[in-house]
S.K.: 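Structure in structure tokens, see below.
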Amino acid sequence: MFQLFWCKVLAWSILKLLREDPETLKEHVKKRFMDPNIVDKARSVDLEWRKLLTTIQEMRHRHNVISREIPKLKGEEKEKKIVEARNLLKELEALEKKLREVEEKREKLLLSLPNIVHESVPIGPDDSYNVPIRFWGKPRVWIGHIESFKEQTERYGFRVDYEVIDWRPIGHADILENVLRLGDTFKAGQVAGSRFYYLFNDIVFLDMALLAYAIDYLTSRGYTLVLPPYMLRYNIMTGVIDLDTFKDAIYKIEGEDLYLIATAEHSLAALHVSEDLPEEILPLKYAGISPCFRREAGAGSRDLKGVFRVHQFHKVEQYVFAKPEESWDIMEELIRNAEYLFQGLELPYRVVNIASGDLGAPAAKKYDLEVWMPAQGRYREMVSCSNTTDWQAYRLKIRLVRRKGMVKEYIHTLNSTAIASTRTITAILENCQEEDGTIVIPRVLRKYLEVFEKAPKEAIHPAKKEKN
RNA sequence: GCCGGGGUGCCCGAGCGGUCUAAGGGGCUGGCCUGGAGAGCCAGUGCCCCGUGUGGGGCGCGCGGGUUCGAAUCCCGCCCCCGGCGCCA
């Protein structure tokens, strides 16, 4: 028996849909509240490209045939053939120029297509349609926030146990700069601009302890610890993110083809660029630690105070290369890892299933982990966990090779925050705050502070009043 | 940063303007053979396009341009690796 029915598979799920089932692809684009016309455009340009390519390849073939005849000929006949070949090339020139144009257009359109939307994603145009799927911990809710707290929990059918406090905790920015006096965004603003900061002493130790805590846990779970490049080339960046992210988040190095990473996710995704990974080594799980640089161009004047939303911070990131059939289970593992870390810190949180319109092009599904911020009376994003299925893998040419039959397909990639330093610090500043402004250090962090002589061990205290 | 050497398919390695569009090994996948394994034999083993055929074709020798009817082979730019010099935390 002949074993192989030669079934040619289009490896990239989105290109396959584009060609074979464009209506379904349109449905996915509509779910994101994007213009479904991009599907028609991409489809027609893809078709145009294929037609043109076929024409050119036929001409190339004729030209190759002639070229191969030439060395066998002599004298006048040879000259005739050379002229013929030359003329054919002249014709080709214009067509190939056209092809390059079409190809560029096609490439652009293909790369502008967002990922499909997983069936479990709530449909809605913006973050107000995000759906909390579970709550953890017992938030401390200031009396004045009780109504809005209920709005943020009971509306979704959850009954979350909470503790009422009659004093309002000081906001993270205020306590950092004015009570503890361990941060200075004013001076940083003078020398670098808004959204930069100086942090001092205890808070710096806290930053380091958080990172150590995260890498300690993830490495114990078998994740490979990685210190990655902090800058990447253009073609790698575009493999990892969509155009909007590029515009809003990415810093460029002047005069070089280098861009500062906005997260270790970018470098970790790039770790296996252009590789064929055999299925038996999957899943590959990484924990990257790096600074993150973000322009925050789209943020306007949101969160200008303190270190909640800043141009640079440290982050431990989880990144996994997986077989398609296991990626959804791994997504659950990644969010559970993040939850484990925040449970350890005793920060009350909820996990939110991000609505289709708020997803971002690379992700087929995304969870955010949001911590309750007692001073703000809101849950705020600390962790973002995505399954990007084969969206990044296609762009980065990362394929999976099956043992049987040597079939190749695109792998799935996933990413999730473990801990982002400054943002987690804001959560600690508000949640672990005592009435007198003392910050009680979460127990799980203490062993990482032990190694530093001068690090705080149990609490961070308000600055002493200056005598004037 | 400077000078010299080098980057060939999954790996090793030949080719250094046309004898076809990468020799020859090795590995891997499948088939034949076998009681089973091995050996042996056969085929497949980069990307893409056309075709409802086990069919046809284009492009691939670090990347991008150029010369030529024809380039792995010649020229230019860039990247990376090795050695030497310089510089530096």
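We use all heavy atoms of the structure for the numbers below, so side chains are in, but hydrogens, waters and symmetry mates are not. We name chains A, B, ... by the order of the sequence lines, and we start the count at 1 in each one.
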S.K.: Using whole Å, what does the distance between atom C1' of nucleotide B:U68 and atom CD1 of A:I66 come to?
M.R.: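 Rounded to the whole Å, the gap is 15 Å.
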S.K.: The side chain of A:W49 lies closest to which of these nucleotides: B:C79, B:C48, B:C69?
M.R.: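 For the A:W49 side chain, the nearest candidate turns out to be B:C48.
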S.K.: Both distances under 3.5 Å, Watson-Crick or G-U wobble: report the partner of B:C10, or none.
M.R.: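 Pairing partner: B:G26.
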S.K.: Would you kindly say whether A:K315 and A:S421 are connected by a side-chain donor-acceptor distance under 3.5 Å?
M.R.: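 Side-chain D/A pair, A:K315 to A:S421: absent.
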S.K.: Taking the same atom, P, in B:G62 and in B:U54, what whole-Å distance lies between them?
M.R.: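 Pairwise P distance, B:G62 against B:U54, rounds to 33 Å.
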S.K.: Please check the phosphate of B:C59 (OP1 and OP2 only) for any side-chain N or O of A:N64 closer than 4.0 Å.
M.R.: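 Affirmative; the distance criterion is met.
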S.K.: Are the ring centres of A:Y286 and A:H272 closer than 6.0 Å?
M.R.: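 For A:Y286 and A:H272, the ring centres are under 6.0 Å apart.
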S.K.: Provide, to the nearest angstrom, the distance between the CD1 atom belonging to A:I82 and the C1' atom belonging to B:G70.
M.R.: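 Distance, rounded to whole Å: 9 Å.
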S.K.: Are A:K30 and A:D35 within salt-bridge range, i.e. N to O under 4.0 Å?
M.R.: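 Salt bridge: no.
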S.K.: Tell me which one of A:T263, A:T224, A:N415, A:T413 satisfies side-chain hydrogen bond (donor to acceptor under 3.5 Å, both in side chains) with A:Y319.
M.R.: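 When side-chain hydrogen bond (donor to acceptor under 3.5 Å, both in side chains) is applied between A:Y319 and each of A:T263, A:T224, A:N415, A:T413, only A:T413 qualifies.
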S.K.: Could you tell me the separation between the CG atom of A:L92 and the P atom of B:U68, rounded to a whole number of Å?
M.R.: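 From A:L92 CG to B:U68 P: 16 Å.
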S.K.: What distance, rounded to whole Å, do you find between the two P atoms, one in B:A72 and one in B:U8?
M.R.: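 Per the computed distance, 16 Å lies between those P atoms.
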S.K.: Check every strand shown and say whether A:L89 touches a base, only sugar-phosphate, or nothing at a heavy-atom separation below 4.0 Å.
M.R.: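 Sugar-phosphate contact only.
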S.K.: A:D276 has an atom CG; how far is it from atom P of B:U29, in whole Å?
M.R.: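 Checked: the CG to P distance equals 15 Å.
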S.K.: For A:Y340 and A:F342, I'd like to know if the aromatic rings sit close, meaning centre-to-centre distance below 6.0 Å.
M.R.: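 No.
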S.K.: Out of B:C69, B:C59, B:C49, which nucleotide sits closest to the side chain of A:S67?
M.R.: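 Comparing B:C69, B:C59, B:C49 against the side chain of A:S67, the answer is B:C69.
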S.K.: Taking pairing as Watson-Crick or G-U wobble with both contacts under 3.5 Å, can you name the mate of B:G64, or confirm there isn't one?
M.R.: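 Here B:G64 is engaged in a pair, and the nucleotide opposite it is B:C76.
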S.K.: Given the P atoms of B:C59 and B:G64, what is the spacing between them in whole Å?
M.R.: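 The same atom, P, in both gives a distance of 15 Å.
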S.K.: When both hydrogen-bonding distances must be under 3.5 Å and the geometry is Watson-Crick or G-U wobble, what is B:C41 paired with, if anything?
M.R.: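 Because both required distances fall under 3.5 Å, B:C41 counts as paired with B:G31.
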S.K.: Which one, B:C49, B:G58, B:C69, comes nearest to the side chain of A:H61?
M.R.: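 Closest of the options to the side chain of A:H61: B:G58.
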S.K.: Would you classify A:I70 as touching base, sugar-phosphate or nothing, given that sugar-phosphate means primed atoms plus P, OP1 and OP2, and contacts are heavy atoms under 4.0 Å?
M.R.: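 Contact class for A:I70: base.
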S.K.: Paired with B:C85: which nucleotide, if any, by Watson-Crick or G-U wobble criteria at under 3.5 Å for both distances?
M.R.: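 Its partner is B:G1 (Watson-Crick or G-U wobble, both distances under 3.5 Å).
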S.K.: What is the distance, to the nearest angstrom, from the CD atom on A:E58 to the P atom on B:G55?
M.R.: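 Whole-Å distance recorded here is 19 Å.
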S.K.: Given that A:R399 and A:R100 both sit by RNA chain B, which one's nearest nucleotide is further toward the 5' end?
M.R.: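 Between the two, 5'-proximity favours A:R399.
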S.K.: What integer number of Å spans the C1' atoms of B:U34 and B:A39?
M.R.: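 About 11 Å, rounded to a whole number of Å.
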S.K.: Taking only the side-chain heavy atoms of A:R233 (C-beta and beyond), determine which of B:C49, B:G18, B:C79 contains the nearest atom.
M.R.: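 When the side chain of A:R233 is considered, B:C79 is the closest of B:C49, B:G18, B:C79.
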S.K.: Mind checking who B:U52 pairs with, Watson-Crick or G-U wobble, both distances under 3.5 Å?
M.R.: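 B:U52 is unpaired by these criteria.
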S.K.: Say we look at B:C63 and B:C10: how far apart would their P atoms be, to the nearest angstrom?
M.R.: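 B:C63 and B:C10 have their P atoms separated by 12 Å.
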S.K.: Are the charged groups of A:K51 and A:E48 less than 4.0 angstrom apart, N to O?
M.R.: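 Judged by the 4.0 Å cut-off on N to carboxylate O distance, A:K51 and A:E48 do not form a salt bridge.
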S.K.: Would you say the rings of A:Y251 and A:F293 are close, in the sense that their centroids are separated by under 6.0 Å?
M.R.: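 No.
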S.K.: To the nearest Å, how far apart are A:M59 CE and B:G70 P?
M.R.: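 Answer to the nearest Å: 13 Å.
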S.K.: Nearest to the side chain of A:H63 - B:G70, B:C49, B:C80?
M.R.: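 Looking only at side-chain atoms, A:H63 lies closest to B:G70.
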S.K.: Considering heavy-atom distances to RNA chain B, does A:R106 or A:R62 have its closest nucleotide positioned more toward the 5' end?
M.R.: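 Taking each residue's closest nucleotide, the earlier one in sequence belongs to A:R106.
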S.K.: Select one nucleotide: of B:C20, B:C48, B:C79, the one nearest the side-chain heavy atoms of A:R68.
M.R.: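 Closest nucleotide among those given: B:C20.
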S.K.: Would you classify A:R50 as touching base, sugar-phosphate or nothing, given that sugar-phosphate means primed atoms plus P, OP1 and OP2, and contacts are heavy atoms under 4.0 Å?
M.R.: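 It contacts sugar-phosphate atoms only.
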